[in-house]
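Encoded as structure tokens, the structure appears first; notes follow it.
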Amino acid sequence: MILGEAIVHKLKASGVESVFGIPGGGSSSDLLCNMSEQGLDFILTQHETTAAIMASIVGEVKGIPGICVTDLGPGALSMAPGLAYAFLDRAPLITLSDRYNNENVDYALRQKVSHIDSFKPITKLATTLSTTNWNSMLNRGFKLTTTPNYGPVHFDVPNDIVGKEVGEDVQPGIINSYQLNPDERFLKRAVKAIEEAKYPIIIAGLGINFGTGNQFSLLERLITKWNIPIFKTGKAKGAVSDEHDLSFGLFMGGKLEESAMNKCDLIIAIGLDPVELLPKKWSYTNTIVSFSEAPNNEEMYYAEIEVVGSIENSLEFVHSLMKESSSQWKKEEISIYRQQVIEKIDYLVDGLSTNRVIQIAQEELPANTLMTTDVGASKLLVTQLWNSVVPRSFFMTNGLATMGFALPSAMALQHLFPNKTVASLTGDGGFMMRLPDIATAVQNKWPIINIIFSDQRLSLMDVKQMSKGYEKTAGNGFIAPNYVAFAKSFGANGWSVNTEEELRCAIKEALQSTNHMPNIIEAKIDASSYQNQFAAIREL
């Protein structure tokens, strides 16, 4: 077969079902035509960043690399924020881009950008396929992207090779599913430390999401059986239900957690990736036991005992070795802490508050809703207040922390789970960055419920400028569309709400809609409380 056919055949044989992107006139169009002939689903997006984020979410959820394709030059470069998301938020992703043919690549100047040089800092591998290396190189890519730390790989596909015959047998890509066992010496030391701690606290991070799924029940059993309360980072929300009696809630490394962390005498870090931590020196002096698939080479925190290997296997061994617990935590303490968190960030405003928008969404949406959120002033409140009750049900960007994440990730989830409720809580700044993506949601009949915190400002920048002592902020206001008219112009459903009751009605109507169209709910908020809320949550 020709190379274009062979690449698509290999993707299908590896379990890939969908590909995202915007094709160019070169090899990507050839691949797209071969996908159509072989029944591989192609999702046309309105921007390359959207394609890369969507493919990354597919990789995170399925454990099989997400795939995106793009044109050369500006098309490829527009994919960079999505690649950086996959790199810093640890998502399995393979990207394929057009490239000038071998005869012209060193001659042509128009749209000439070295993709490999551009992408090396934000990928685990960036290279070029050929008619002789394509099979082994794709094997390498599949293995690299699914090996901790997970991340993206990129391949240029020269325009003149996709139509050439290749003789190799097509093999499925090799998904790294090795379950490495941890060293028993360190396991025994870790278990001894956990057994002796009087006030241990688990901090679960994004690493807990990778495994067969059994790691979640093992984690819940650990905290329940041995009375060990748990914090979760934003990427790990839902690993144990936020409504569990021993759930402290969100760990951010900020002010809110100080009272609990000051009492703690042992931190049990489970999948806690340093990429999720605030960009400041680790301030806690507590002894740390770390369980992770990858060594703690960054040393953003120092772990006295480090257990490296499959988290799922490590938790199995902990259960087999642990015989007692000295934990003196009382469930009432955790309940009081959670109530204090809500009180510290609850401020009265004249109109609709961000807090109430989140709480009403929680009350009206199904408990197992797949929720995404964006970056901005609202993110800190969404991650604190939204309760995720099942694993892998909350999606955010913590490593890259890029605006414009909520809608693409919600679209990917709705594509993967057409019968589930998918919603996003997003600031209007982030939503504005992805307005054209509504066309993709309409085209594919994805009934996502997009709830927008609308104040027509980059409110996070307002807060940061005020924190520096400026009485008047500058450069943060923008014009927003009439969201209802915008939605209707695409055939989507739209509401604009000013009150709590209007918001409830809009969410109920969106849930009851039967036209399979995306839903846009503009919640006009009073953002005046953000400054005080940020001061309570974390340092700026």
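Just so it is clear, the values below take in all heavy atoms, side chains as well, and ignore hydrogens, waters and symmetry mates.
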Only residue of S36, P23, S18 satisfying side chain to side chain contact (heavy atoms under 4.5 Å, CB included) with F42 is P23

So CG of D71 and OG of S28: to nearest 0.5 Å the spacing works out to 5.5 Å

Count the heavy atoms belonging to other residues, nucleotides or ligands that lie under 6.0 Å from CZ of R392, then report whether that count exceeds 12.
yes

Looking at N450 and N519, would you say the former's side chain and the latter's main chain have a donor-acceptor pair under 3.5 Å?
yes

Contact check, side chains of D41 and V19, non-hydrogen atoms, under 4.5 Å
no

Heavy atoms of V166 and A6 approach each other most closely as CG2-CB, 3.9 Å

Q) Would F155 and I94 satisfy side-chain contact (heavy atoms from CB on, under 4.5 Å), going step by step from the backbone distance to the final call? A) CA-CA 8 Å; F155 297 110; I94 293 176; 4.0 Å; yes

Within the side chain of K124, is there an N or O that forms a donor-acceptor pair under 3.5 Å with the backbone of T145?
no

When you compare the side chain of I521 with that of I449, does any pair of heavy atoms fall below 4.5 Å? yes

Between I67 and L11, does the side-chain contact (heavy atoms from CB on, under 4.5 Å) criterion hold? Intermediate values first, please.
CA-CA 9 Å; I67 310 293; L11 296 180; 4.0 Å; yes

Any side-chain heavy-atom pair from S118 and L77 closer than 4.5 angstrom? yes

I208 versus I311: any side-chain heavy-atom pair under 4.5 Å? yes

Verify whether one side chain among K488 and N493 offers a donor that lies under 3.5 Å from an acceptor in the other.
no

- Query: With a 3.5 Å cut-off and no angle check, do the side chains of D437 and Q46 form a donor-acceptor pair?
  - Reply: no

Heavy-atom check, side chain of L206 versus side chain of Y150, under 4.5 Å:
no

Practice item. Flag the pair I57 / Y85 as yes when at least one side-chain heavy-atom distance between them is below 4.5 Å, and no otherwise. Key: yes

Does the pair N139 and Q171 meet the rule for a side chain to side chain donor-acceptor pair (under 3.5 Å), with working shown?
CA-CA 8 Å; N139 283 342; Q171 312 153 342; 3.0 Å; yes

Describe, in one word, how the ring planes of Y301 and W282 are oriented to each other, choosing from parallel (under 30°), tilted (30 to 60°) and perpendicular (over 60°).
tilted

Value for CG (L365) from CG (L425), rounded to nearest 0.5 Å, stands at 8.0 Å

Describe, in one word, how the ring planes of H415 and W446 are oriented to each other, choosing from parallel (under 30°), tilted (30 to 60°) and perpendicular (over 60°). perpendicular

**Prompt:** Does S29 use its side chain to pair, donor to acceptor, with the backbone of G24 at less than 3.5 Å?
**Reply:** yes

Quiz item: Counting only heavy atoms not in K524, do more than 12 fall under 6.0 Å of its NZ?
Solution: no

Exercise. Are R457 and T473 close enough that some pair of their side-chain heavy atoms sits under 4.5 Å apart?
Worked result: yes

Value for OG1 (T440) from CZ (R434), rounded to nearest 0.5 Å, stands at 11.0 Å

For P65 and F142 the tightest heavy-atom approach is CG-CD2, 3.7 Å

Q | Sidechain N-carboxylate O distance under 4.0 Å for D89, K235 | A | yes

Just checking, any donor-acceptor pair under 3.5 angstrom between side chains of E60 and N209? no

Separation between CG (N176) and CZ (F210), nearest 0.5 Å, reads 12.0 Å

Applying side-chain hydrogen bond (donor to acceptor under 3.5 Å, both in side chains) to Q533 and not counting sequence neighbours gives N355, S529

**Asked** Is Y470 atom OH crowded by more than 12 heavy atoms from other residues, nucleotides or ligands, each under 6.0 Å away?
**Response** no

ask   = Does a side chain donor of either E522 or N482 reach within less than 3.5 Å of an acceptor in the other side chain?
value = no

Looking only at heavy atoms, the pair that brings V8 and L31 closest together is CG2-O, 3.7 Å

Quiz item: Is the side chain of S424 donor-acceptor paired with the backbone N or O of T426 at a distance under 3.5 Å, no angle test?
Solution: no

inquiry  = With a sphere of 6.0 Å drawn around NZ of K143, does it hold more than 12 non-hydrogen atoms of other residues, nucleotides or ligands?
reply    = no

- Donor-acceptor pair between N368 and K420 side chains, under 3.5 angstrom: no

Please check: side-chain N/O of S388 versus main-chain N/O of G238, any donor-acceptor pairing under 3.5 Å? no

inquiry  = Is there a side-chain contact (heavy atoms from CB on, under 4.5 Å) between Y483 and D428? Walk through the geometry before answering.
reply    = CA-CA 10 Å; Y483 286 105; D428 49 1; 3.6 Å; yes

Looking at side-chain heavy atoms only, is the closest gap between T372 and L413 below 4.5 Å?
yes

Between the CG atom in L272 and the OG atom in S292, the distance rounded to the nearest 0.5 Å is 8.5 Å

inquiry  = Atom CD of residue position E299 - does it have more than 12 heavy atoms of other residues, nucleotides or ligands inside 6.0 Å?
reply    = yes

**Asked** Is it true that the side chains of T132 and S130 contain a donor and an acceptor less than 3.5 Å apart?
**Response** yes

Practice prompt. Give a yes or no on whether the backbone of D30 and the side-chain of N34 come within a donor-acceptor separation of less than 3.5 Å.
Written response: yes

Test side chain to side chain donor-acceptor pair (under 3.5 Å), reference Y530, set D462, T354, D455, output is T354

Can any side-chain N or O of K62 pair as donor or acceptor with the backbone N or O of L416 at less than 3.5 Å? no

Is E17 paired with K12 through a side-chain N to carboxylate O contact shorter than 4.0 Å? no

- Counting only N and O atoms by type, is there a donor-acceptor contact under 3.5 Å from the side chain of D98 to the main-chain atoms of S27? yes

Value for OG (S310) from CD (E293), rounded to nearest 0.5 Å, stands at 6.0 Å

Next on the checklist: Pairing donors with acceptors under 3.5 angstrom, does anything connect the side chains of H154 and T123?
Outcome noted: no

What one should report as the nearest heavy-atom pair of A401 and V375 is C-CG2, 3.5 Å

Those residues at least two apart in sequence (or on a different chain) that pass side-chain hydrogen bond (donor to acceptor under 3.5 Å, both in side chains) with W495 are E509

Heavy-atom closest pair (S97 atom, A76 atom, distance to 0.1 Å) is CB-CB, 4.4 Å

- Using atom types as modelled and distance alone, determine if a side-chain donor or acceptor of E48 lies under 3.5 Å from a backbone N or O of I22. no

Between L250 and Q384, the two heavy atoms sitting closest are CD2-NE2, 3.5 Å

Test your reading of the model: is there a side-chain donor-acceptor pair from K237 to the backbone of F395, 3.5 Å cut-off? no

Going through the distances and angles, do D374 and M396 end up as a side-chain contact (heavy atoms from CB on, under 4.5 Å)?
-> CA-CA 7 Å; D374 217 291; M396 62 175 291; over 6 Å; no

